[in-house]
Amino acid sequence: SMKRYKGDPRLITCRYNSSCANCGSKLAKGATAYYWPHGKLIFCTNCGEPEFKEFLLSSTDEDLYNNET
């Protein structure tokens, strides 16, 4: 399993009304969104999913490279 770090992006449930940092679409309290702690950015699932998948791929590659699987 992949190591998790405090700054890793993650899927969250919005605790308050917000909007996507990329497209500006409204994210209602209770909506699912992607959260990037380093920039405190929230993305809707459409905008956040490709970035999140890229993060997962690169971190998995890093774990394999570091022989930490």
Side-chain angles (χ1 to χ4, degrees):
S1 109
M2 184 174 93
K3 279 189 179 179
R4 302 280 305 159
Y5 298 97
K6 194 170 122 184
D8 286 355
R10 62 188 180 273
L11 201 56
I12 62 161
T13 300
C14 295
R15 287 186 273 174
Y16 47 86
N17 293 335
S18 190
S19 58
C20 176
N22 185 52
C23 72
S25 65
K26 300 293 178 208
L27 298 166
K29 180 180 176 180
T32 299
Y34 288 98
Y35 176 63
W36 263 253
H38 282 305
K40 295 186 178 175
L41 299 172
I42 293 178
F43 296 95
C44 69
T45 51
N46 286 340
C47 293
E49 181 127 7
E51 292 279 336
F52 187 70
K53 283 183 176 176
E54 186 65 35
F55 164 78
L56 290 178
L57 283 172
S58 64
S59 56
T60 301
D61 288 346
E62 190 174 301
D63 283 350
L64 287 171
Y65 178 77
N66 293 323
N67 207 14
E68 296 174 354
T69 55

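Applying the side chain to side chain donor-acceptor pair (under 3.5 Å) rule to pairs touching residues 19-33 yields nothing, sequence neighbours excluded. Screening residues 8-35 for ring-ring contact (aromatic ring centres under 6.0 Å, His included) gives Tyr34-Phe52 as the qualifying pairs, with residues at least two apart or on separate chains. For the side chain to side chain donor-acceptor pair (under 3.5 Å) condition, no pair includes a residue of residues 36-46, sequence neighbours left out.
Alongside Leu57, the hydrophobic cluster contains no other residue (criterion: ILVMFWY side chains under 4.5 Å).
Residues Cys44 and Cys23 share a closest heavy-atom pair of SG-SG, 3.9 Å. The two residues Leu27 and Ala33 have their closest heavy-atom pair at CD1-CB, 4.1 Å. Heavy atoms only, all atoms of each residue included: Phe43 and Cys20 are closest at CA-SG, 3.8 Å.
For Lys53, the side chain to side chain donor-acceptor pair (under 3.5 Å) partners at least two apart in sequence or on another chain are Glu49.
Here the SG-CG distance, from Cys47 to Leu41, works out to 12.0 Å after rounding to the nearest 0.5 Å.
Each of Ile42 and Leu11 belongs to its own hydrophobic cluster when Ile, Leu, Val, Met, Phe, Trp and Tyr are linked at side-chain heavy-atom distances under 4.5 angstrom.
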